[in-house]
Amino acid sequence: GLRLIYYTQSPFTMNETDLYLFANCEFVISSKSGIEIFASICNVPILGLNYTELLGMQPAKKMRFYPKYLRHKKTGQIMSWKEHLSSPCFFEIGDNQYCPEYEYIDISEEDILSALREFLAIQDWAHTPLHAVFKSSLTPLHLELFHAQAVPCQAYLERTSFFCR
């Protein structure tokens, strides 16, 4: 049967074991906490959930991510992905100094399930037409995101395209 181990509290937690686990897994689901670099090193597919700071991305070859939403505090309007790429908010690291009128909100359980279904169904890592539109919207000013092969989940692009003005 299935056995779960609370690894972070086990006596086996060490760098060597971390690398062994990442090197031998099928895929990784992670937040943007830095741990996904192990998956990148081991060339393991990554699903990144609740991402912020899109300007700094991992060089993973097989990666999809679903960012947190940026919501206007007064109007409740969700910022579209296109607006985010052209906004000073894109360059925020740690806090919202450039866009204090916006706040990050976590993705929903429904968003997580959509991202997971999409991720698990990937047969090859070719970009969809909407991914191609996203990639063509990037410039070198988008820093690591411009160079990364990672793209947002189709579900995120579709949902926030709805909010485009």
Side-chain angles (χ1 to χ4, degrees), residues 1-71 78-81 84-85 89-95 103-138 142-161:
L2 179 65
R3 241 183 102 201
L4 298 176
I5 299 170
Y6 190 32
Y7 175 68
T8 59
Q9 299 297 318
S10 79
F12 305 109
T13 304
M14 62 185 93
N15 292 339
E16 295 83 4
T17 312
D18 292 348
L19 284 172
Y20 177 82
L21 289 170
F22 278 95
N24 291 288
C25 65
E26 294 290 323
F27 60 88
V28 170
I29 299 173
S30 176
S31 64
K32 197 167 193 304
S33 60
I35 194 72
E36 72 273 9
I37 192 66
F38 285 116
S40 294
I41 291 167
C42 297
N43 197 28
V44 173
I46 303 166
L47 174 59
L49 299 176
N50 258 348
Y51 267 35
T52 60
E53 302 172 4
L54 303 183
L55 62 126
M57 294 297 289
Q58 297 295 333
K61 293 181 179 174
K62 298 175 180 177
M63 182 178 190
R64 294 290 190 269
F65 60 93
Y66 203 115
K68 289 186 178 194
Y69 298 109
L70 277 166
R71 179 176 62 193
I78 300 293
M79 185 182 286
S80 73
W81 66 264
H84 190 184
L85 291 178
C89 297
F90 180 82
F91 297 97
E92 298 284 9
I93 297 178
D95 58 11
E103 61 187 349
Y104 282 106
I105 57 169
D106 289 336
I107 62 176
S108 69
E109 290 176 13
E110 180 182 315
D111 296 328
I112 292 169
L113 288 174
S114 294
L116 186 58
R117 282 188 204 102
E118 178 181 325
F119 181 78
L120 293 175
I122 295 173
Q123 298 295 312
D124 64 41
W125 289 86
H127 293 157
T128 66
L130 191 50
H131 287 137
V133 170
F134 175 83
K135 289 300 278 184
S136 70
S137 300
L138 300 175
H142 292 108
L143 305 173
E144 292 170 7
L145 182 59
F146 177 75
H147 296 288
Q149 293 181 15
V151 289
C153 290
Q154 178 88 12
Y156 169 80
L157 293 173
E158 289 171 353
R159 176 144 191 233
T160 60
S161 290

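In this text, all values refer to a predicted model and were calculated from it rather than measured experimentally. Because only heavy atoms are used, hydrogens play no part in the values below, and waters and symmetry mates are left out as well, while side chains stay in.
To the nearest 0.5 Å, atom OG of residue Ser137 and atom NE2 of residue His142 are 8.0 Å apart. How far CZ of Phe65 is from CE of Met57: 4.0 Å, rounded to the nearest 0.5 Å. Here Gln58 contributes atom CD and Ser30 contributes atom OG; the two are 8.5 Å apart, rounded to the nearest 0.5 Å. To the nearest 0.5 Å, atoms CH2 (Trp125) and NZ (Lys62) are separated by 7.5 Å. Taking CG of Leu54 as the reference point, atom CH2 of Trp81 lies at 12.0 Å (rounded to 0.5 Å). Expressed to the nearest 0.5 Å, how far CZ of Phe38 lies from CG of Leu21 amounts to 10.5 Å.
Panel note: side chain Lys32, backbone Gly56; a donor-acceptor pair is recorded below 3.5 Å. When atom types are taken as modelled, the side chain of Glu36 and the backbone of Ile46 share no donor-acceptor pair closer than 3.5 angstrom. Checked by atom type and distance alone, the side chain of Glu118 pairs as donor or acceptor with a backbone atom of Gln154 at under 3.5 Å. Of the possible donor and acceptor atoms, one in the side chain of Asn50 sits under 3.5 Å from a partner among the backbone N and O of Ile107.
Side chains of Leu47 and Phe27 form no contact here, defined as non-hydrogen atoms less than 4.5 Å apart. Counting only heavy atoms from C-beta outward, the side chains of Thr128 and Val151 never approach each other to under 4.5 Å. Under the 4.5 Å side-chain criterion, counting only non-hydrogen atoms from C-beta, Leu143 is not in contact with Phe90.
Between Cys153 and Arg64, the closest heavy-atom pair is SG-CB, 3.9 Å. Nearest heavy-atom pair across Tyr51 and Met63 is OH-CE, 2.9 Å. For Tyr66 against Ala115, the heavy-atom pair with the smallest separation is CD1-CB, 3.8 Å.
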Can Leu116 and Leu49 be said to form a side chain to side chain contact (heavy atoms under 4.5 Å, CB included), step by step? CA-CA 9 Å; Leu116 186 58; Leu49 299 176; over 6 Å; no

As a quick check of understanding, evaluate side chain to side chain contact (heavy atoms under 4.5 Å, CB included) for Leu55 and Ile93, giving each step before the final call. CA-CA 9 Å; Leu55 62 126; Ile93 297 178; 4.1 Å; yes

Could you go through Leu19 and Asn15, starting from their C-alpha distance and side-chain angles, then the distance that decides it, and tell me whether this counts as side chain to side chain contact (heavy atoms under 4.5 Å, CB included)? CA-CA 6 Å; Leu19 284 172; Asn15 292 339; 5.5 Å; no

Begin from the C-alpha positions of Leu145 and Leu85 and carry the test side chain to side chain contact (heavy atoms under 4.5 Å, CB included) through to its verdict. CA-CA 10 Å; Leu145 182 59; Leu85 291 178; 4.2 Å; yes

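Environment of NZ in Lys61: sparse, with no more than 12 heavy atoms of neighbouring residues, nucleotides or ligands closer than 6.0 Å.
Using modelled atom types and a 3.5 Å distance limit, the side chains of Asp111 and Ser114 yield no donor-acceptor pair.
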